[in-house]
Number of protein chains: 2
Amino acid sequence: MAKTAIDEKQQQLARYAKALGHPIRVAIMNFLAEQDTCFFGEIHEILPIAKATASQHLKELKEAGLIQGEIVPPKVKYCINRDSWQEAKNLFSEFFGKCQCSKNGCCE
Amino acid sequence: MAKTAIDEKQQQLARYAKALGHPIRVAIMNFLAEQDTCFFGEIHEILPIAKATASQHLKELKEAGLIQGEIVPPKVKYCINRDSWQEAKNLFSEFFGKCQCSKNGCCE
DNA sequence: AAATCTGTTCGTAAAATTACGAACAACATT
DNA sequence: AATGTTGTTCGTAATTTTACGAACAGATTT
């Protein structure tokens, strides 16, 4: 009954996954990924939700580390956080590399 | 003010991400990925949570499509769902391929 | 048939998530 | 100084998530 502690990698992967676990936030990330400029207003413009809600979603993405905000008065510029993006990319890549289903008798 | 509808791909990515948005569920997927046999009992054994909670997490992973369960009386055998796993892998891969941060003036 | 093993479902409670309008703060313009 | 623009924060409400023990159901063993 050796209860495996959840390790830091799993925690971090879950944190990123949770941040991406809402369609609006995925849409935001997709939008940021293909933009050079990325002010709040432009982001809000493409989203079918209220300003306050958009701000809230951006806050969560920021807290997960996936994006960062910069104040450029009187606007706010958002962008993808390179380092975290890379880390998330690596974590997910490793994660999905773990199951070679074809050689796994369990998946059939 | 063209409100971009959230498309099906974003929805599906978010669905998978949400399912992976909890450390316990990441641990379950990791465990399943490296096992040939995968009965409920073995899964529960490695998790620091109650039986009922483990069952609940498995149910969510199943509803997201990431795993499937098979009754092998008197046990229940769980395994990764190959097709969904591959779909998720592809969706995340495409997603993380979207930002070439180095060429993006926004991320600096 | 009674007891056992296996895992799900039920009922419940606490906490977190999602969404909105209104109020607010910071800065620029008039 | 008054006004306008931009985006966050506040307060609130409805829903969902997470977790647990207890009760249950299916199958096997005694």
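Chain letters run A, B, ... following the sequence lines, proteins first, then strands; residues in each count from 1.
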Checklist entry - Roughly how bent is the helix from C:dA1-D:dT30 to C:dT30-D:dA1 end to end, in steps of 10 degrees, with each end axis from five pairs? => result 0°
Next on the checklist: Any donor-acceptor pair under 3.5 Å linking the side-chain atoms of A:Asn90 with those of A:Gln86?
Outcome noted: yes
Checklist entry - When the distance from CG of B:Leu47 to C1' of D:dT18 is rounded to whole Å, what number comes out? => result 14 Å
Checklist entry - If you check the B:Pro73 side chain, which of D:dG7, D:dT18, D:dA27 turns out closest? => result D:dA27
Checklist entry - So, A:Tyr78 versus A:Glu70: side-chain donor-acceptor pair below 3.5 Å or not? => result no
Checklist entry - In this structure, are over 12 heavy atoms from other groups packed under 6.0 Å from A:Lys98 atom NZ? => result yes
Checklist entry - Just checking B:Ala50: base, sugar-phosphate only, or nothing, at a heavy-atom cut-off of under 4.0 Å? => result sugar-phosphate
Item to check | Integer-rounded Å distance: D:dT16 P and B:Lys59 NZ | outcome: 14 Å
Checklist entry - Counting distance only, does the side-chain N/O of A:Glu42 pair as donor-acceptor with the main-chain N or O of A:Phe39 below 3.5 Å? => result yes
Checklist entry - Do the charged groups of B:Glu87 and B:Lys9 touch, with an N to O distance under 4.0 Å? => result no
Next on the checklist: Using a 4.0 Å heavy-atom cut-off, does B:Gln56 contact any base of the nucleic acid, only the sugar-phosphate backbone, or nothing at all?
Outcome noted: base
Checklist entry - Between B:His57 (NE2) and D:dT18 (P), how many Å, whole number? => result 6 Å
Next on the checklist: Whether A:Glu8 and A:Arg15 form a salt bridge (side-chain N of Lys/Arg under 4.0 Å from carboxylate O of Asp/Glu) is what I want to check.
Outcome noted: yes
Item to check | Span of DNA chain C in contact with chain B (heavy atoms, under 4.0 Å) | outcome: C:dT6 to C:dT9
Next on the checklist: At 4.0 Å (heavy atoms only), tell me whether B:Lys51 reaches a base, stays on the sugar-phosphate, or touches nothing.
Outcome noted: base
Item to check | Any side-chain heavy-atom pair of B:Ile80 and B:Leu66 under 4.5 Å | outcome: no
Next on the checklist: I need the residues from residues 9-24 of chain B with at least one non-hydrogen atom less than 4.0 Å from DNA chain C; give them sorted by number, or say none.
Outcome noted: none
Checklist entry - Ignoring hydrogens and geometry, is there a side-chain-to-backbone donor-acceptor pair from B:Gln35 to B:Leu32 under 3.5 Å? => result no
Checklist entry - Looking only at side-chain N and O atoms, does B:Thr53 come under 4.0 Å of OP1 or OP2 in D:dA19? => result no
Item to check | Side-chain donor/acceptor of B:His44 to backbone N/O of B:Ile49, under 3.5 Å | outcome: yes
Checklist entry - Can we call the ring centroids of A:Phe95 and B:Trp85 under 6.0 Å apart? => result yes
Checklist entry - Are the side chains of A:Arg25 and A:Glu60 in touch, meaning some heavy atoms are under 4.5 Å apart? => result yes
Checklist entry - In whole Å, what is the span from the CG atom of B:Leu58 to the P atom of D:dT18? => result 13 Å
Next on the checklist: Just the rounded figure in Å: distance from C1' of D:dT16 to CD of A:Glu60.
Outcome noted: 13 Å
Checklist entry - Are the side chains of A:Ile67 and A:Asn81 in touch, meaning some heavy atoms are under 4.5 Å apart? => result no
Checklist entry - Closer than 4.0 Å, any side-chain N/O of A:Tyr78 to the OP1 or OP2 of D:dT6? => result no
Checklist entry - Can you check the B:Glu70 CD to D:dG26 P distance for me, whole Å? => result 19 Å
